Amino acid sequence: PSACPLPGILAHQDHLRGQGAAHRAIRGIGSDQMQDTYGVGLGREEERQNSADAYNKTRRWARRAVNDSRAFFEDNDLLFQEIDLWNDIGKDAILDLARSGDDAGLTVALQIKGGRKYKRKNSHSIPVDDRLRKIWRKSSIPIFVIVLDPDDRNLYWGNLTVMAKIAPGAARTIPVLPDARLTPDG
């Protein structure tokens, strides 16, 4: 095709794994914080199992989000290149928007998220810290976020470069903007 089939992303062109942060957060939970409904602390083995279960669930949603994103973009004849976890610094994939035509050479980076922790009542948001905010603001190419919604299994997108620039400095989560459903037509 000679033009990008995703005009919404193209119009906003002015990145999780989350696994590392999730794993660190899960490892940081102590026995005193993991109590059953009767207030009885969990034993070390139960705590370890709960941590492993939570980490595996987070990891599965992260992989599902990347795989669904790859399938969507490849189905629309775009070039999706996943970034290896060891090289992930706030960008999970590189997306070339067209093979030829006017949009050839246009590239964006993607930060891909999936799971309940990014879901809000009627929207989505993602965590941010000072390091990620700097990376997303100063990137030499635009960065977009893709969020896999756990309820409707649709992909939603936002312009992460813009989101990082307009979010208050003290914010630890930022709303996905425009939080639009990803479709071939935008």
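Fair warning: this is a prediction, and the values are worked out from it, not measured in the lab. Numbering starts at 1 and runs along the sequence shown.
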Residue list, side-chain hydrogen bond (donor to acceptor under 3.5 Å, both in side chains) with Q81, at least two apart or on another chain:
D96
Between I135 and I143, what is the shortest heavy-atom contact and its length?
O-CD1, 4.1 Å
Does some side-chain heavy atom of I126 sit less than 4.5 Å from a side-chain heavy atom of V147?
yes
Taking side chain to side chain contact (heavy atoms under 4.5 Å, CB included) as the test, write out the residues that go with D151, two or more places apart.
R116, K119, D149
In short, A164 meets W136 closest at the heavy-atom pair CB-CB, 3.8 Å
Would you please name every residue forming a side chain to side chain contact (heavy atoms under 4.5 Å, CB included) with K165, sequence neighbours left out?
R137, T161
List the residues meeting side chain to side chain contact (heavy atoms under 4.5 Å, CB included) with R153, not counting sequence neighbours, and say none if there are none.
W61, R64, D68, L148
Taking atom OG1 of T183 and atom CG of L155, what is their separation to the nearest 0.5 Å?
11.0 Å
Are F73 and I146 packed together at the side-chain level, in the sense that at least one heavy-atom pair is separated by less than 4.5 angstrom?
yes
Any residue meeting ring pair (Phe, Tyr, Trp, His ring centres under 6.0 Å) with Y156, in chain and number order, not counting sequence neighbours:
H124
Provide the closest heavy-atom pair for I112 versus A93 in the form atom of the first, atom of the second, distance.
CD1-CB, 4.2 Å
Where is the tightest heavy-atom contact between P178 and N159, given as atom of each residue plus distance?
CD-N, 4.3 Å
Are V176 and I166 co-members of a hydrophobic cluster defined by side-chain heavy atoms under 4.5 Å apart?
yes
Kindly say whether K117 contributes a backbone atom to a donor-acceptor pair with the side chain of R120 at under 3.5 angstrom?
yes
Closest heavy-atom contact between F80 and V66?
CZ-O, 4.1 Å
I'd like to check the side-chain hydrogen bond (donor to acceptor under 3.5 Å, both in side chains) partners of R70; sequence neighbours left out, ordered by chain and number.
N67, E82
So, does N76 use its side chain to make a donor-acceptor pair with the main chain of L78 at under 3.5 Å?
no
Taking all non-hydrogen atoms of both residues, which atom of G90 and which atom of L132 are closest, and how far apart?
CA-CD2, 3.8 Å
Using atom types as modelled and distance alone, determine if a side-chain donor or acceptor of S69 lies under 3.5 Å from a backbone N or O of A65.
yes
Is there a path of hydrophobic side-chain contacts, each under 4.5 Å between heavy atoms of I/L/V/M/F/W/Y residues, joining I141 to I83?
yes
d(L182 CG, F72 CZ) to nearest 0.5 Å is 3.5 Å
Rounded to the nearest 0.5 Å, how far does CE of M163 lie from OG of S125?
8.5 Å
